[in-house]
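The structure appears below as structure tokens.
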Amino acid sequence: MSAAGRAGSLRTTRRGFLHLAGASVAFAGLANLRALPVAADAATDGRFFSAADGQRFSRIAERMVASDDLRAPAWGETRALDAVDALCARLDPELTAPLPTLLRLVEWSPFLFELRLARFSSLDAAGRDAHLRGWMQSRFRWRRQAFLALRNLALLGYYSQEQTWAAIGYRGPLLGGAGSAA
């Protein structure tokens, strides 16, 4: 195939490019989140995740924070999803808008990227881990950034929960709250 033929097959629309660029910026922003006060609170009026998206995120997050440490509670034994939901509800909608689509993409990506007739939710724990490893090590930067965004949200939500602190040796905030010497 000639260079002109190859160039013609690689064309993309301006709208498609801008959409991909916008999603990449949002994923990069979420991937760069650092420890913020994300404890679930009743002050957040609305929910960010739909029930289905909350379940999708929980299935992903439980593999990202899974531990063999018996002191570490499972993702579902904490209010981590509530914490992530409250955080996303407070963030700029431009930043979080691609997240529901990303969750659906991860759900269907075993079929899309590996040509497996399976959804993420139907895989066993080892299959889910292998599939997420594919996102983490992908040759496509946007997939790696999307993985980092999901992982950062999962870890922020999980480790904001007091019952997870003993497993990492954290005794709580130095000033006020649990573990305080004051």
Practice task
Would you mind reporting whether Leu99 and Phe57 have side-chain heavy atoms less than 4.5 Å apart?
Solution key: no
Exercise for the section: Mind telling me whether Phe113 and Trp142 have parallel, tilted or perpendicular rings, with 30° and 60° as the class edges? Expected result: tilted
Problem - Between CH2 on residue Trp135 and CZ on residue Phe140, distance to nearest 0.5 Å - result: 11.0 Å
Practice task
Any chance you could measure Leu132, atom CG, to Gln137, atom CD, to the nearest 0.5 Å?
Solution key: 11.0 Å
Practice task
State, yes or no, whether a side-chain contact exists between Met136 and Arg133 at a heavy-atom distance under 4.5 Å.
Solution key: yes
Practice task
Kindly indicate whether the side chain of Arg171, heavy atoms from C-beta on, has any atom under 4.5 Å from the side chain of Trp165.
Solution key: no
Exercise for the section: State, yes or no, whether a side-chain contact exists between Ser121 and Glu107 at a heavy-atom distance under 4.5 Å. Expected result: yes
Problem - Considering all heavy atoms, the nearest Ala154-Val65 contact - result: O-CG1, 4.1 Å
Practice task
Spell out, as yes or no, whether a donor-acceptor pair under 3.5 Å connects the side chain of Arg63 to the backbone of Asp129.
Solution key: no
Handout entry: Side chain proximity check, Tyr170 to Thr164, heavy atoms < 4.5 angstrom
Key = no
Practice task
Would you indicate whether Leu112, at its atom CG, is surrounded by more than 12 heavy atoms from other residues, nucleotides or ligands within a distance under 6.0 Å?
Solution key: yes
Practice task
Answer yes or no: is there a side-chain heavy-atom contact under 4.5 Å between Arg104 and Asp53?
Solution key: yes
Handout entry: Heavy-atom check, side chain of Phe147 versus side chain of Met64, under 4.5 Å
Key = yes
Exercise for the section: Say whether, by atom type as modelled, one donor and one acceptor occur between the side chain of Arg119 and the main chain of Pro110 under 3.5 angstrom. Expected result: no
Handout entry: Expected output: side-chain Glu114 to main-chain Gly134 donor-acceptor under 3.5 Å
Key = no
Exercise for the section: Ignoring hydrogens and angles, tell me if any N or O in the side chain of Arg143 forms a donor-acceptor pair with the backbone of Arg139 under 3.5 Å. Expected result: no
